[in-house]
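Have a look at the structure below, then the notes.
Atoms within a ligand are numbered from 1 in the order they appear, just like the ligands themselves. These numbers come from a predicted model, not from an experiment.
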Amino acid sequence: MKVDVLLGLQWGDEGKGKIVDVLTPKYDVIARFQGGPNAGHTLIFDGIKHVLHTIPSGIFHEGKENIIGNGVVIDPIIFKKEITALEALNCPVSERLKISRKAHLILPTHRILDAASEHAKGKAKIGSTLKGIGPTYMDKTGRNGLRVGDIFKDGFREKYDALVEKHIRLLNQYDNFTYDVKENEAEWFESLETLKKLPIIDSENYINALLKQGKSILAEGAQGSLLDIDFGSYPFVTSSNTTAAGACTGLGIAPNKIGRVYGIFKAYATRVGSGPFPTELFDETGDELRKIGHEFGATTGRPRRCGWIDIPALKYAITVNGVTELHMTKADVLSTFKEVKVCTAYQHGDQMINELPFDLTDQMIPEYKSLKGWSEDLTQISSTDEFPSELMDYITYLEEVLETPISIVSVGPDRNQTILRDEILA
Ligand code: GDP
Ligand code: IMO
Ligand code: MG
């Protein structure tokens with residue numbers, strides 16, 4: 001068996017959580033491979049909304065295993081809160097969830113360092129979710145980090161204290177930044193007890209053994225390809241590889257074990273936090289997209305910047321990920337727009353560029369193709385036969401230009417508002 005990978009092709013929040021939940025019945029195992037509580041994955045079913053941060057989006061399905069891989073960073077405090085909320089809904093988390101011994105821990109001081117760094121950057125800030133992601137991955141690559149497996153070893157407290165000492169030395173270099181190292185420390189140690197009760201595994205061995213047994217695995221990405229540490233709009237990115245290669249390093253799967261790669265994109269584009277976004281709309285249309293699409297961050301509540309879809313950016317993401325099929329979400333949000341625009345290239349000075357450039361900036365003027373919009377409400381439809389012809393034209397155009405089939409169209413946030421295009425999936 002191979003591992004299929006599902007990931008976002010834009011700047012995150014493409015609807016990954018919803019689609020993973022829809023696809024979970026087809027898989028035995030769902031595994032997160034990177035990121036941490038900077039993610040907010042929303043699932044809606046039976047009239048209830050759930051937002052997951054660290055826990056894979058297959059957790060609600062009976063009989064399915066969920067794994068947090070070595071590439072993920074865990075904040076025990078947030079993790080405990082997530083588990084408590086799920087258990088309150090009678091979701092038996094400990095029966096369904098396993099954690100890699102090699103996943104790194106986010107310390108309270110990582111969060112403080114994140115805030116200090118953003119504070120020091122002022123206007124040039126990344127717009128981090130302030131969950132301590134950057135500093136934790138810095139300690140990982142700097143070979144100073146603490147891992148889940150360390151909690152069980154002698155000298156853990158000493159290692160923790162030594163790392164905090166190092167963080168204090170770093171924090172002292174920031175001017176005009178006040179902090180309290182002790183603020184969340186007691187809660188952090190208390191929360192470790194919840195983590196310790198869960199099955200802690202060598203997830204790379206476990207996953208490869210499952211593959212040998214013929215089990216099917218879906219790797220769930222967090223963030224989006226344009227936030228990838230290598231391929232995103234650097235430095236306005238997150239600190240992990242959000243692209244398909246991240247599934248290999250974040251789970252311990254060899255590249256020849258990767259099967260299908262599902263690329264999720266919104267029918268328009270959004271971004272939360274700073275950084276270039278050439279198709280961003282500052283007018284009424286942008287406001288409408290935000291309002292109709294409820295574009296407010298699932299983790300931070302911040303308003304998301306909204307704009308039209310960007311073809312050069314999507315093509316780039318499809319290439320670096322090896323996307324085999326596309327899933328388009330939020331098609332319903334575009335109902336009521338008289339025209340739907342698609343950025344096909346950027347004008348930069350007297351040059352026309354149709355590839356994502358090294359120095360993507362907001363000074364690039366998008367070249368748009370306009371397609372006719374549709375006014376029909378899509379949220380109640382249940383098959384492709386009911387698609388308005390203009391939506392079908394939009395889908396056909398995107399498939400042609402992106403040279404990849406769109407196999408799922410999402411027409412609302414609920415699990416049931418999902419149209420599988422059987423003609424593609426067959
Ligand atoms: P993720 O981070 O990729 O899992 O996405 P988020 O959960 O952060 O953001 C996606 C938002 O869009 C959530 O509020 C979802 O409930 C919602 N959503 C997902 N798919 C659709 C859809 O097809 N239509 C509408 N209207 N909302 C959707
Ligand atoms: P999901 O999984 C959207 C953005 C932040 C910021 C940048 C760096 O829900 O799609 P970080 O906290 O990682 O240091 O922030 O990345 N960002 C996200 N934007 N969705 C996410 O996750 C994000 N995770 C991080 O807004 O611009
Ligand atoms: Mg999200």
Side-chain angles (χ1 to χ4, degrees), residues 6-22 32-45 48-54 56-57 72-73 75 106 110-111 113-115 117-118 125-138 220-229 232-240 242 264-277 289 291-305 327-335 377-379 381 408-419:
L6 181 147
L7 39 79
L9 298 180
Q10 296 160 316
W11 282 288
D13 303 329
E14 296 89 349
K16 299 174 291 294
K18 175 199 157 154
I19 303 292
V20 170
D21 173 57
V22 167
R32 273 278 303 268
F33 57 90
Q34 46 67 237
N38 48 349
H41 294 176
T42 315
L43 286 65
I44 301 181
F45 54 87
I48 305 177
K49 174 174 157 174
H50 310 272
V51 182
L52 298 169
H53 300 288
T54 322
S57 301
V72 176
V73 290
D75 181 332
I106 303 176
H110 283 131
R111 292 183 68 161
L113 279 166
D114 206 356
S117 165
E118 287 287 79
K125 70 177 184 185
I126 309 286
S128 149
T129 59
L130 301 178
K131 302 294 176 199
I133 303 297
T136 306
Y137 279 112
M138 278 166 72
E220 172 181 2
Q223 290 76 57
S225 304
L226 304 177
L227 290 171
D228 182 277
I229 183 72
S233 46
Y234 194 89
F236 300 100
V237 293
T238 191
S239 297
S240 66
T242 60
I264 317 283
F265 69 101
K266 273 181 200 177
Y268 48 98
T270 63
R271 173 162 206 169
V272 63
S274 332
F277 180 7
L289 282 171
K291 207 168 90 201
I292 304 170
H294 302 292
E295 295 296 355
F296 296 89
T299 295
T300 57
R302 291 178 292 179
R304 295 178 183 145
R305 301 154 65 191
H327 299 161
M328 182 168 85
T329 59
K330 303 200 116 169
D332 54 299
V333 175
L334 292 186
S335 298
D377 173 20
L378 304 180
T379 57
I381 67 174
I408 292 181
V409 179
S410 175
V411 292
D414 193 277
R415 190 189 265 177
N416 295 324
Q417 293 171 305
T418 313
I419 314 294

Checklist entry - For Ile44 and ligand 1, does the shortest N/O to N/O distance drop below 3.5 Å? => result no
Checklist entry - Is Arg304 salt-bridged to Asp13, cutoff N-O under 4.0 Å? => result yes
Checklist entry - Can an N or O of Glu14 be found at a distance shorter than 3.5 Å from an N or O of ligand 2? => result no
Next on the checklist: Using a 4.0 Å cutoff against the non-hydrogen atoms of Ala222, which atoms of ligand 2 qualify?
Outcome noted: 2 (O)
Checklist entry - Any sub-3.5 Å donor-acceptor pair from Ser410's side-chain atoms to Thr418's backbone N or O? => result no
Item to check | Distance from atom 15 (O) of ligand 2 to nearest protein heavy atom, with residue and atom | outcome: Ser128 CA, 3.4 Å
Checklist outcome for this item: heavy-atom search around atom 23 (O) of ligand 1 in the protein gives Ser410 OG, 2.5 Å
Checklist outcome for this item: Near His41 (heavy-atom distance under 4.0 Å), the atoms of ligand 1 are 1 (P), 2 (O), 4 (O), 7 (O)
Next on the checklist: Could you tell me if Arg415 sits above the aromatic ring of Phe45, with its cationic atom closer than 6.0 Å to the ring centre and no more than 45 degrees from the axis?
Outcome noted: yes
Checklist entry - Would you find a donor on one side and an acceptor on the other, under 3.5 Å apart, between the side chain of Lys16 and the backbone of Gln223? => result yes
Next on the checklist: When you measure from the side chain of Lys131 to the backbone of Gly36, do you find a donor-acceptor pair of N or O atoms at a distance under 3.5 Å?
Outcome noted: no
Item to check | ligand 2 versus His41: contacting region, heavy-atom distance under 4.0 Å | outcome: side chain
Checklist entry - Does Gly12, backbone or side chain, put an N or O under 3.5 Å from an N or O of ligand 1? => result no
Checklist entry - Which residue and non-hydrogen atom of the protein lie closest to atom 6 (P) of ligand 1, and at what distance in Å? => result Gly40 O, 3.5 Å
Item to check | Protein residue, atom and distance nearest to atom 26 (N) of ligand 1, heavy-atom basis | outcome: Asp332 OD2, 2.7 Å
Checklist entry - For Phe296, does the CZ atom have more than 12 heavy-atom neighbours from other residues, nucleotides or ligands under 6.0 Å away? => result yes
Checklist entry - How long is the span from the CG atom in Leu113 to the CG atom in Leu130, to the nearest 0.5 Å? => result 12.0 Å
Next on the checklist: For a distance under 2.8 Å, give residue and atom name for each protein N, O or S atom next to the Mg ion (ligand 3).
Outcome noted: Asp13 OD1, Gly40 O
Checklist entry - If you measure every N/O of Thr329 against every N/O of ligand 1, is any gap under 3.5 Å? => result no
Item to check | Any N/O pair Gly134/ligand 2 closer than 3.5 Å | outcome: no
Item to check | For Lys18, atoms of ligand 1 separated by under 4.0 Å from a heavy atom | outcome: 20 (N)
Next on the checklist: Starting from atom 19 (N) of ligand 2, what is the nearest protein heavy atom, named by residue and atom, and what distance separates them?
Outcome noted: Val272 CG1, 3.4 Å
Checklist entry - Counting each atom of ligand 1 from 1 as listed, which ones have a heavy atom of Pro413 under 4.0 Å away? => result 16 (O), 18 (N), 21 (C), 22 (C), 24 (N), 25 (C), 26 (N), 27 (N), 28 (C)
Checklist entry - Does Arg32 reach the main-chain N or O of His53 with its side chain, forming a donor-acceptor pair under 3.5 Å? => result yes
Checklist entry - Heavy-atom distance to atom 15 (C) of ligand 1: which of Val20, Thr299, Thr42 wins? => result Thr42
Checklist entry - Side chain of Arg271, backbone of Gln10: donor and acceptor closer than 3.5 Å? => result no
Checklist entry - Would one find an N or O of Gly17, backbone or side chain, under 3.5 Å from an N or O of ligand 1? => result yes
Item to check | Trp11 and ligand 2 - part of the residue with a heavy-atom distance under 4.0 Å | outcome: backbone
Next on the checklist: Any heavy atom of Gly8 closer to ligand 1 than 4.0 angstrom?
Outcome noted: no
Checklist outcome for this item: side-chain contact (heavy atoms from CB on, under 4.5 Å) with Ser57: of Val22, Ile19, Leu43, only one passes, and it is Leu43
Checklist entry - Quick one: nearest non-hydrogen protein atom to atom 28 (C) of ligand 1, plus distance? => result Lys330 CE, 3.5 Å
Next on the checklist: Quick check on Gly40 - does any of its heavy atoms sit under 4.0 Å from an atom of ligand 2?
Outcome noted: yes
Item to check | Distance in Å, Ile133 CD1 paired with Ile106 CD1, rounded so as to fall on 0.5 Å steps | outcome: 4.0 Å
Item to check | Heavy-atom closest contact (Ala331 atom, Val409 atom, distance) | outcome: CB-CG1, 3.9 Å
Checklist outcome for this item: Among non-hydrogen protein atoms, atom 13 (O) of ligand 2 lies closest to Thr238 OG1, 2.6 Å
Next on the checklist: If only side-chain N and O atoms count, and only distance matters, is there a donor-acceptor pair under 3.5 Å linking Lys18 with Thr329?
Outcome noted: no
Checklist entry - CG/Leu9 to NE2/His327 distance, rounded to the nearest 0.5 angstrom? => result 10.5 Å
Checklist entry - Any idea which atoms of ligand 1 are less than 4.0 Å away from a heavy-atom of Gly412? => result 20 (N), 21 (C), 22 (C), 23 (O), 24 (N), 25 (C)
Checklist entry - So, do Leu289 and Val333 sit near enough that their side-chain heavy atoms are less than 4.5 Å apart? => result yes
Checklist entry - Judged by atom type as modelled, is there a donor-acceptor pair below 3.5 Å linking the side chain of Tyr234 to the main-chain atoms of Asp228? => result no
Checklist entry - How far is atom 4 (C) of ligand 2 from its nearest protein heavy atom, and which residue and atom is that? => result Leu227 CD1, 3.9 Å
Checklist entry - Among all protein non-hydrogen atoms, which one is nearest to atom 8 (C) of ligand 2, and what is the separation to 0.1 Å? => result Val237 O, 3.4 Å
Checklist outcome for this item: The atoms of ligand 2 lying under 4.0 Å from a heavy atom of Ala39, numbered in the order shown, are 1 (P), 2 (O), 9 (O), 22 (O)
Checklist entry - Do any N or O atoms from the side chain of Gln417 and from the backbone of Thr379 form a donor-acceptor pair under 3.5 angstrom? => result yes
Item to check | Close N or O approach (Val333, ligand 1; < 3.5 Å) | outcome: no
Next on the checklist: Just verifying a value: how many Å separate Thr42 OG1 and Asp21 CG, rounded to the nearest 0.5 Å?
Outcome noted: 11.5 Å
Item to check | For atom 12 (O) of ligand 2, closest protein heavy-atom neighbour | outcome: Thr129 OG1, 2.6 Å
Checklist outcome for this item: atom 5 (C) of ligand 2: of Gly127, Gly273, Ser240, Gly132, the nearest heavy atom sits on Gly127
Item to check | Protein residue, atom and distance nearest to atom 20 (N) of ligand 2, heavy-atom basis | outcome: Asp13 OD1, 3.1 Å
Item to check | Lys16 near ligand 2 by a heavy-atom separation under 4.0 Å | outcome: yes
Item to check | Trp11 and its side-chain contact (heavy atoms from CB on, under 4.5 Å) partner, picked from Val237, Thr270, Leu227 | outcome: Leu227
Item to check | Protein heavy-atom partner closest to atom 10 (C) of ligand 1 - residue, atom, separation in Å | outcome: Asp13 O, 3.7 Å
Checklist entry - For Ser274 and ligand 2, does the shortest N/O to N/O distance drop below 3.5 Å? => result no
Next on the checklist: For atom 23 (C) of ligand 2, tell me which residue out of Glu220, Arg302, Gln223 has the closest non-hydrogen atom.
Outcome noted: Gln223
Checklist outcome for this item: heavy-atom search around atom 9 (O) of ligand 1 in the protein gives Arg304 NH2, 3.5 Å
Checklist entry - Side-chain contact, heavy-atom cut-off 4.5 Å: Thr54 with Pro37? => result yes
Checklist entry - Say you draw a straight line from CD of Gln34 to CD of Glu220; how long is it, rounded to the nearest 0.5 Å? => result 9.5 Å
Checklist entry - Are the side chains of Thr242 and Leu7 in touch, meaning some heavy atoms are under 4.5 Å apart? => result no
Checklist outcome for this item: When rounded to the nearest 0.5 Å, the distance separating CD1 of Ile381 from CD1 of Ile419 is 4.5 Å
